[in-house]
Amino acid sequence: MNPDPDPDPDSSDQALAGRDEAWEAWLVCRERCEDDEPLEFEDEGDYRDDPDELAEIIAEARQAAADQAAAEAHIAASGQTAALAADASVAMGRRGPGMPGSAEPLAGEYSGPGGAFATGQALDVAPGGPVLLGHADWAAGDDDRFDGVSDDELLGIISAADRCEATASAVKHTAVAELIRRRPASGCTPQGPAGMPEAWDEFTRAELAPALGESRYAVDGLLDLAYDLTVKLPGTMALFSVGVVSRYKAQVISHATQLLDPAEARAAEAMVLDRAGRLTPGALRAAIVRAVMKVAPDKARKRREKAAKSAEVRWWAEFSGNAALMGREMPPAEVLAAGQRIDSWAGQLKAAGLEGSAGELRARALMDLLLGKDSRPDQAAAGGKNLAAFAATINLTIPLATLLDLADRPGEIPGMGPIDPWLARDLAAAAAQNPKTMWCVTVTDKQGHAIGHGCARPKPRGRKKEAGRQKGPGPPGYTFTAADQHGPPGGYGSWLLRTPGDGPDLRISLDPLNTQDCDHRFQARGHDHGVKLKHLSQIRHATCAGLCCRRPSARSDFEHNVPYEAGGRTCLCNGGPKCRYDHRLKQHPKWKVDQLPDGTFRWTTPSGRQYTTEPTRYPI
């Protein structure tokens, strides 16, 4: 449903008129320049070398600054708030989000392809959009080296491109808002001047995520921001559309005003829009939070109390290969006290002679306090690393070639991500000392897809260990040799894995995972899967087989592609791991999922677009 064609003066459509009026003021220069014909880019010739063409660009741009006052009058007369009207002048007189613009055009004329981007010149104060981006691209030249462009002009071009980036993002958000209109939640009809439903269908995120190659978490933020900008924050949207504020700054305002109704949100944004373009994101966050507390102090308090119930601790792998630990929505008083305790212990570590930067010492202090350790040098023996202690609770997946030191390939810790080969071997050596550690081996094809898999079991008790435990091709104590049995029919044989030190000797029988011509050897007789069937499906897809989903398959359902009730087998060739969300999504009448013979899932969305999720690619 389209928005009301006769909107209220305070509607989002009316407020968004600032974008069009800003462009109208900019484009009017094309009607007033000496040559009434706009510049046309042809397929031949180098315009940077043509003085007549360059003069025409400058002539087109010269009038824009003179039209600034008329544009401001237009915007002020359109019924927008005084704050929005004031910042609209910033839209026409600024260099980039976060920086003050040139309030007055400077006298003089700049030659060269970037002349109109110089301080105070027309393109230095023009709103973002395709015309501005085209001029910036033209100034870059064929080799993207900006020949003939001064430093001042180059900074003007960078700022102009920043405005164009924001404008393009604003267009994306208006399109997302239209998608929300077309995907209303059940019982939510479009309403209000913006024609938006109160809520959107829960599977809209699943349709948008693969189109953008984004996580569903990121798409949730995109949907929320598009909705808020359209329904609650028209002033922010107007500045976003012309490039005064970036997407991140718009998101800062949106997050801070989520607890407010539309009228309150507009009141809060009006307190910061006059300076939103020049404030850093941190300063803008502080300003809008103060505005929210002023407009609705009780709601601000209730939001804090409600958010405390969603407190959590997260950990993940850093790009460097190290790990991160974070707590969110913690009690402020306790966080301050914890921070003081960390600082205090870090100081004691430094006084005791432990080397490291302030950040390293504080991180070490945090680990000491959490794990009950003492990292002071004189206590190193008692407080040193104990890798085996945590290996008992973490299942490590490590490629066989890495384990045997045949190649330097990464390993992986489920729930955290890849780890480098040296850390993988260190962890494996520590884990070998713990009887609770589970050992598995996965055979992969040339693309890294799992084609065989087996898990270790202790070597039969009747066999005696050979004296001295022979060394294998890998690190001391590791060997992986063929056993005296062939293993499962059609599989990859039985193998003996010897671990270092006092670790166990393990027998591994490798089962095939190929379903191209499935022999249904792992099929369950009824609806419910067996333990082995589910485990093998989780090896083939280490994460949920849904689109853009990263939930570990161990925390997902085994889902029949063809329902069991409709004759579908409980087998690898007709099932795979799907989280509960994707399990329900697959059953939605407007969605379709096909499982291909190689284990790939092909998803067809309500719009008719198709995407695939292939089996996991392991290191090869």
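Formation of a donor-acceptor pair under 3.5 Å by the Ser159 side chain with backbone atoms of Leu155 is found in this model. Checked by atom type and distance alone, the side chain of Ser310 never pairs as donor or acceptor with a backbone atom of Lys306 at under 3.5 Å. Looking at Arg540, its side chain does come within 3.5 Å of a backbone N or O of Leu572 through a donor-acceptor pair. Remark: side-chain polar atoms of Glu264 are not paired, donor with acceptor, to backbone N or O of Ala296 under 3.5 angstrom.
A salt bridge links Arg301 with Glu305: the distance from a Lys NZ or Arg NE/NH1/NH2 to an Asp or Glu carboxylate oxygen falls below 4.0 Å. Under the 4.0 Å criterion applied to side-chain N and carboxylate O atoms, Lys586 and Asp557 are not assigned as salt-bridge partners.
Residues Leu513 and His449 are not in side-chain contact: their nearest non-hydrogen atoms beyond the backbone lie 4.5 Å or more apart. Side-chain contact between Val245 and Ile253 is absent, with no heavy atoms from C-beta onward closer than 4.5 Å. With contacts defined as side-chain heavy-atom distances shorter than 4.5 Å, the pair Ser254/Asp224 does not qualify. A heavy-atom distance below 4.5 Å is not found between the side chains of Arg362 and Leu366. Between Thr612 and Phe601, every side-chain heavy-atom pair lies at or beyond the 4.5 Å cut-off. Residues Leu222 and Lys172 have side chains in contact (heavy-atom distance under 4.5 Å, counting atoms from C-beta outward). For the pair Glu207 and Asp201, the minimum side-chain heavy-atom distance is 4.5 Å or more. Between Leu585 and Leu547 the shortest side-chain heavy-atom distance does not fall below 4.5 Å.
Ring geometry for His453 versus His535: interplanar angle of 30 to 60°, hence tilted. Ring geometry for Trp603 versus Trp591: interplanar angle over 60°, hence perpendicular rather than tilted (30 to 60°).
Here the shortest heavy-atom pairing between His173 and Ala226 reads O-CB, 3.5 Å. Looking at every heavy atom in both residues, Ala524 comes nearest to Leu533 through N-CD2, 4.4 Å.
A distance of 10.0 Å separates OG in Ser375 from CE in Met367, rounded to the nearest 0.5 Å. Summarising the geometry, atom CG belonging to Leu225 is positioned 8.5 Å from atom CE belonging to Met237; distances are rounded to the nearest 0.5 Å. For the atom pair Leu223 CG and Arg216 CZ, the distance stands at 12.5 Å (nearest 0.5 Å). Interatomic distance, CD of Gln251 versus CG of Leu284, reported as 12.0 Å (0.5 Å rounding). Rounding to the nearest 0.5 Å places CZ of Arg314 at 12.0 Å from CG of Leu325. Of the inter-residue distances, the one linking Arg183 atom CZ with Glu202 atom CD reads 14.0 Å to the nearest 0.5 angstrom.
Within a 6.0 Å sphere centred on NZ of Lys299, other residues, nucleotides and ligands contribute more than 12 heavy atoms. Atom CD of Glu312 has more than 12 heavy atoms from other residues, nucleotides or ligands within 6.0 Å. In this structure, Gln258 places its CD atom where more than 12 heavy-atom neighbours from other residues, nucleotides or ligands lie under 6.0 Å away. Crowding of Arg551 atom CZ: a count of heavy atoms from other residues, nucleotides or ligands under 6.0 Å not exceeding 12.
In this structure, Arg205 satisfies the cation-pi test against Tyr581, with its NZ or CZ atom closer than 6.0 Å to the six-membered ring centre and inside 45 degrees of the ring normal.
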